[in-house]
Amino acid sequence: MLKDVIARYLTAYLTEETGRPDRVTGLGFDWWEVVMPGDVILVEGSTRISTAIKYLTQSTWSHAALVVQCEQGEILEADVKNGVVFSAFDKYKDLNVRICRPIRLTDEDRNRLIAFASTMIGVSYDLKNLTDLARYLLPTPPVPTRFRRQMLALGSGDPTEKLICSSMIARTFQHIGYPILPIQWQDESGELLSRVRHHSLIVPRDFDLSPYFEVIKPTAVRGFDYRQMRWQSDAVSPPP
């Protein structure tokens, strides 16, 4: 059908690389040496769809993946082209990443988290829904800031969950009752109340902003000592 042909063309166009950002994380070692199951990996992508997501969310991070197996080096992720799949750590070895770790997550809930996420393997994006693809054709669409998050949730609800990687991961954490960025307010007595934000409105940067996730800096975990830094003199030209 014509719709299928157009959808595949849009998918190929949106997932093309547009030039990788300068790599500033993980220099000198592999970031996956410090991750553990249940960690969320945020990625600074370099495709056309990554550019759109970074603009709409006003963030460095355009993609999110869930660490599921450290021994096998596997993450679970969702994207337009492949749907929900297992991927290897080194898929993002040349990109900037951020490790976000759920605070005080119990082993029992960690196992539940990964088990539930694994049930989504094989779910594919519905390429017939052109609305979910066409909205990303403009790298910087003229959308007011307050509407950008909602724009990511346009289209039919089910395909959107598969398109936005962070929505799939948010749904997994909500399954075990773990907060990301809930809507919160105080009642008349001053008690803090919370309501779950719909997973289709969760974007990659929300894991970075969330007070319930710890940002793990690999250099700090590995015992960084600034006194061991080797500095070049101004007379020496830096590498290209």
Side-chain angles (χ1 to χ4, degrees), residues 31-32 34-45 53-54 56-70 72-80 82-87 89 91-92 97-125 132 148-150 152-153 155 157-185 192-217:
W31 54 263
W32 51 82
V34 302
V35 299
M36 60 187 300
D39 286 354
V40 176
I41 306 300
L42 305 182
V43 182
E44 183 180 11
I53 292 174
K54 285 188 282 187
L56 290 169
T57 62
Q58 293 293 282
S59 170
T60 298
W61 313 115
S62 61
H63 186 64
L66 180 70
V67 176
V68 291
Q69 287 284 349
C70 291
Q72 282 75 36
E74 286 183 332
I75 54 177
L76 185 144
E77 61 179 346
D79 62 40
V80 177
N82 302 310
V84 182
V85 294
F86 288 122
S87 299
F89 285 162
K91 178 179 180 179
Y92 299 116
V97 302
R98 170 153 291 172
I99 303 168
C100 298
R101 180 167 297 163
I103 298 171
R104 296 181 180 176
L105 184 66
T106 66
D107 290 340
E108 179 184 358
D109 280 342
R110 192 185 316 277
N111 292 334
R112 290 176 57 212
L113 178 82
I114 294 171
F116 181 79
S118 298
T119 64
M120 301 184 193
I121 291 294
V123 174
S124 59
Y125 178 68
D132 288 317
R148 289 174 187 169
R149 181 187 292 266
Q150 282 76 7
L152 286 170
D158 188 51
T160 301
E161 294 174 16
K162 302 159 194 171
L163 173 62
I164 305 301
C165 53
S166 50
S167 298
M168 182 269 294
I169 297 174
R171 183 180 176 187
T172 302
F173 276 98
Q174 289 174 0
H175 175 73
I176 66 168
Y178 195 92
I180 301 172
L181 274 186
I183 301 169
Q184 295 183 312
W185 70 97
L192 183 65
L193 301 177
S194 301
R195 186 174 70 230
V196 173
R197 191 186 302 271
H198 195 272
H199 55 264
S200 68
L201 297 178
I202 297 295
V203 298
R205 78 162 189 168
D206 291 339
F207 294 96
D208 190 7
L209 295 176
S210 173
Y212 312 110
F213 284 77
E214 178 184 9
V215 174
I216 305 298
K217 297 284 188 177

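If you're wondering where the values come from, they're calculated on a predicted model, not measured in any experiment.
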For a 4.5 angstrom cut-off between non-hydrogen side-chain atoms, does Phe173 reach Val40?
yes

Side chain to side chain contact (heavy atoms under 4.5 Å, CB included) partners for Arg104, two or more places apart:
none

For the pair Ser167 (side chain) and His199 (backbone), establish whether a donor and an acceptor sit closer than 3.5 Å, ignoring hydrogens and angles.
yes

Any residue meeting side chain to side chain contact (heavy atoms under 4.5 Å, CB included) with Val215, in chain and number order, not counting sequence neighbours:
Arg98, Asp208, Lys217

Quick one: does any side-chain atom of Thr60 pair with a main-chain N or O of Glu44 as donor and acceptor, under 3.5 Å?
no

Would you compute the distance between atom CD1 of Ile41 and atom CZ of Arg101 and round it to the nearest 0.5 angstrom?
8.5 Å

For Phe207, ring pair (Phe, Tyr, Trp, His ring centres under 6.0 Å) partners two or more places apart
Phe213

Counting only N and O atoms by type, is there a donor-acceptor contact under 3.5 Å from the side chain of Ser62 to the main-chain atoms of Gly45?
yes

Hey, could you give me the CG/CD1 distance between Leu113 and Ile176, rounded to the nearest 0.5 Å?
4.5 Å

With Met168, the side-chain contact (heavy atoms from CB on, under 4.5 Å) member among Leu66, Ile202, Leu76
Leu76

Minimum heavy-atom separation for Ala65 and Ile75, please, with both atom names.
CB-CD1, 3.8 Å

Could you pull out all residues at least two apart from Glu77 that satisfy salt bridge (charged side-chain N to carboxylate O under 4.0 Å, His left out)?
Lys91

Holding to side chain to side chain contact (heavy atoms under 4.5 Å, CB included), I want the full list of residues that pass it with Pro179, two or more places apart in sequence or in another chain.
Pro182, Tyr212

With sequence neighbours left out, write down each residue that passes side chain to side chain contact (heavy atoms under 4.5 Å, CB included) with Thr106, or none if nothing qualifies.
Glu108, Asp109

Are Ile180 and Arg197 side-chain neighbours, meaning at least one heavy-atom pair lies under 4.5 Å?
no

